[in-house]
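All values derive from a computational prediction rather than experimental measurement.
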Amino acid sequence: MNIIQWTEKAFRQLRKIKDSQASRRIYQEAQELVHFPECRNVKRLTNHQYSYRLRVGDWRVFFEFDGGVKIISIEEVKKRNEHTY
């Protein structure tokens, strides 16, 4: 079992999400990281500022792992369109 730590920035971002259902789901899925690395929707990132990301719908939870999980940032993924590239 791992310990989950939230940075102040990540907790603030979670509270700012207007959709309470989405924020609740993000929190619940992030709590499942206690079972890391046996988690679904987790990907190790290469050439990125953070080491791992958890996918929760249109949201990404970025975190580090060094014996415990440290959640650093939560970001919303915008849909791509013809102006994305």
Side-chain angles (χ1 to χ4, degrees):
M1 287 275 252
N2 298 307
I3 297 171
I4 297 180
Q5 293 179 304
W6 289 75
T7 62
E8 191 174 318
K9 172 187 172 185
F11 222 69
R12 217 174 28 248
Q13 290 171 325
L14 184 65
R15 285 193 308 257
K16 281 177 116 179
I17 297 171
K18 291 183 174 119
D19 182 357
S20 63
Q21 195 172 19
S23 63
R24 195 173 309 117
R25 183 170 170 223
I26 291 167
Y27 183 79
Q28 289 171 344
E29 298 236 1
Q31 294 303 95
E32 292 296 314
L33 292 173
V34 294
H35 304 294
F36 184 79
E38 293 88 27
C39 300
R40 296 175 13 169
N41 298 322
V42 172
K43 184 175 183 179
R44 183 168 177 79
L45 303 174
T46 55
N47 299 323
H48 196 272
Q49 183 178 0
Y50 308 117
S51 299
Y52 297 91
R53 71 107 173 103
L54 168 67
R55 185 171 53 110
V56 183
D58 290 342
W59 297 88
R60 301 298 179 266
V61 178
F62 295 99
F63 66 96
E64 300 288 334
F65 178 77
D66 59 355
V69 175
K70 184 173 185 181
I71 297 175
I72 299 173
S73 180
I74 300 171
E75 297 176 15
E76 184 176 17
V77 177
K78 305 290 185 196
K79 295 294 180 190
R80 295 180 184 177
N81 60 24
E82 63 274 1
H83 301 292
T84 302
Y85 298 103

Go through the steps for Trp6 and Leu14 under the test side-chain contact (heavy atoms from CB on, under 4.5 Å), then give the verdict.
CA-CA 10 Å; Trp6 289 75; Leu14 184 65; 4.0 Å; yes
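With rounding to the nearest 0.5 Å, the separation of CZ in Arg55 from CD in Glu29 is 9.5 Å. Annotation: the span from Gln31 atom CD to Ile4 atom CD1 amounts to 4.5 Å, rounded to 0.5 Å. Here the CD1 atom belonging to Ile26 is positioned 5.5 Å from the CD1 atom belonging to Ile74, to the nearest 0.5 angstrom. The distance from atom CG of Asp19 to atom CZ of Arg24, rounded to the nearest 0.5 Å, is 9.0 Å.
Within a 6.0 Å radius of CD in Glu38, other residues, nucleotides and ligands contribute more than 12 heavy atoms. More than 12 non-hydrogen atoms from other residues, nucleotides or ligands lie less than 6.0 angstrom from NZ of Lys9.
Inter-residue side-chain proximity for Ile71 and Leu54 is flagged as unmet; no heavy-atom pair is nearer than 4.5 Å. For the pair Leu45/Phe62, a side-chain contact is recorded, criterion being any heavy-atom separation below 4.5 Å from C-beta on. A 4.5 Å side-chain heavy-atom check between Arg15 and Ser23 finds every atom pair outside the cut-off.
Of the possible donor and acceptor atoms, none in the side chain of Ser51 sits under 3.5 Å from a partner among the backbone N and O of Phe63. Within the 3.5 Å criterion, the main-chain N or O of Thr7 finds no donor-acceptor partner in the side chain of Arg12.
When all heavy atoms are compared, the tightest approach of Ser73 to Ala10 is N-CB, 4.1 Å. Among all heavy-atom pairs drawn from Arg60 and Arg53, the shortest one is CD-CD, 3.7 Å.
In this structure, Ile72 is not a member of the same hydrophobic cluster as Phe65, with clusters built from ILVMFWY side-chain heavy atoms closer than 4.5 Å. By the criterion of side-chain heavy atoms lying less than 4.5 angstrom apart, applied directly or through intervening Ile, Leu, Val, Met, Phe, Trp or Tyr residues, Leu33 is not grouped with Tyr50; the two fall into different hydrophobic clusters.
Between Phe11 and Tyr27, the angle of the ring planes goes over 60°, which puts this pair in the perpendicular group of the 30/60° scheme.
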